[in-house]
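Please read these numbers as outputs of a predicted model, since none were measured by experiment. Counting starts at 1 for both ligands and their atoms, following the listed order. By convention here, the first residue in the shown sequence is residue 1.
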Amino acid sequence: MHKDLESIVLDKDQIAAKVADAAAWLDKKFAGTTPLAISVLKGSVMFFCDLVRAMETPVQIDFMTVSSYGTGSKSTGVPKIVMDLAASVEGRDVVLVEDIVDSGNTLVRMRDLIMGRGAKSFTVVSLFDKPSRRVVDVKADYSCFEIGDEFIVGYGLDYAQQYRTLPYVGILKRSVYEK
Ligand code: PRP
């Protein structure tokens with residue numbers, strides 16, 4: 001375990017099991033269609049790549065970079081589109097893949113944007129859900145794991161752009177971000 005972590009939340013095997021369950025849920029929901037899966041970068045990158053490869057349903061993929069945290073640990077509340085999608089979402093069944101739903105601001109921004117561009121449907125799959133931090137009334141359609149108000153990093157999730165490449169998710173020691 002990385003020295004800056006106090007404990008592991010999901011190890012490699014637990015992540016693989018959550019990914020398989022989420023992929024099976026999507027396969028059932030989208031059987032016979034070709035949805036457009038969108039990775040909300042950067043946090044969802046690891047989960048996204050594992051999830052779309054675990055699905056049997058053919059999916060097309062696209063990417064959008066949205067950021068509201070900058071280099072700190074608190075959300076600014078205003079998710080900024082840093083890089084837009086390459087493809088049109090018009091008439092598409094969109095599956096938005098997130099690493100975490102926290103305040104919900106990013107989700108609302110993405111939903112309004114994508115539905116405003118004429119998507120046929122909008123489905124959200126998130127690895128983590130942190131309901132205690134919600135400021136807007138929104139929820140992923142499928143969440144793999146509910147977590148309290150701990151600061152988690154790894155498997156895509158960062159603190160100040162660090163720890164994203166850890167192959168597991170852990171709780172960051174308070175001493176790291178309360179300097
Ligand atoms: C994180 C995370 C989600 C969002 C969730 O992204 O990846 O997209 O925050 O928080 P919210 O529900 O309060 O909006 P961040 O803005 O930190 O960018 P990143 O994905 O590049 O880490």
Mark the output for [X] as yes if a heavy-atom distance to ligand 1 is under 4.0 Å, and as no if none is.
X    : answer
L107 : no
P79  : no
R164 : yes

| query | Backbone or side chain, does any N or O of S44 fall under 3.5 Å from an N or O of ligand 1? | reply | no
| query | Mind checking whether G104 has an N or O less than 3.5 Å away from an N or O of ligand 1? | reply | yes
Have a look at ligand 1 and work out which part of [X], if any, has a heavy atom under 4.0 Å from it: side chain, backbone, both or neither.
X   : answer
E98 : side chain
V66 : backbone
D99 : side chain

| Heavy-atom neighbours of E178 CD exceed 12 at 6.0 Å |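 Correct, the count exceeds 12.
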| field | D149, CG: over 12 other non-hydrogen atoms inside 6.0 angstrom | value | yes
Just wondering, do [Y] and [X] contact through their side chains at under 4.5 Å, heavy atoms?
X    : Y    : answer
V101 : R134 : yes
H2   : Y168 : yes
F47  : V19  : yes
T57  : P35  : yes

For [X], take its heavy atoms, then give the atoms of ligand 1 lying under 4.0 Å from any of them.
X    : value
D158 : 22 (O)
S68  : 16 (O)
I100 : 2 (C), 3 (C), 5 (C)
S103 : 11 (P), 12 (O), 13 (O), 14 (O)
L41  : 20 (O), 21 (O)

| task | Flag the pair R117 and D84 as a salt bridge only when some basic side-chain nitrogen lies within less than 4.0 angstrom of an acidic carboxylate oxygen. | result |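 Yes, this pair counts.
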Listing, residues 5-16 side-chain donor-acceptor contacts under 3.5 Å, not counting sequence neighbours, or none:
{"from": "D11", "atom 1": "OD1", "to": "D13", "atom 2": "N", "distance (Å)": "3.1"}
{"from": "D11", "atom 1": "OD1", "to": "Q14", "atom 2": "N", "distance (Å)": "2.8"}
{"from": "Q14", "atom 1": "OE1", "to": "D11", "atom 2": "N", "distance (Å)": "2.8"}

| said: My understanding is that only residues two or more places apart in sequence, or in another chain, count here; which of them pass side chain to side chain donor-acceptor pair (under 3.5 Å) with D50? | reply: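 Partners of D50 under the side chain to side chain donor-acceptor pair (under 3.5 Å) test: R53, Y155.
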| request: Pick whichever of T106, V153, V108 has a heavy atom sitting closest to atom 14 (O) of ligand 1. | output: T106
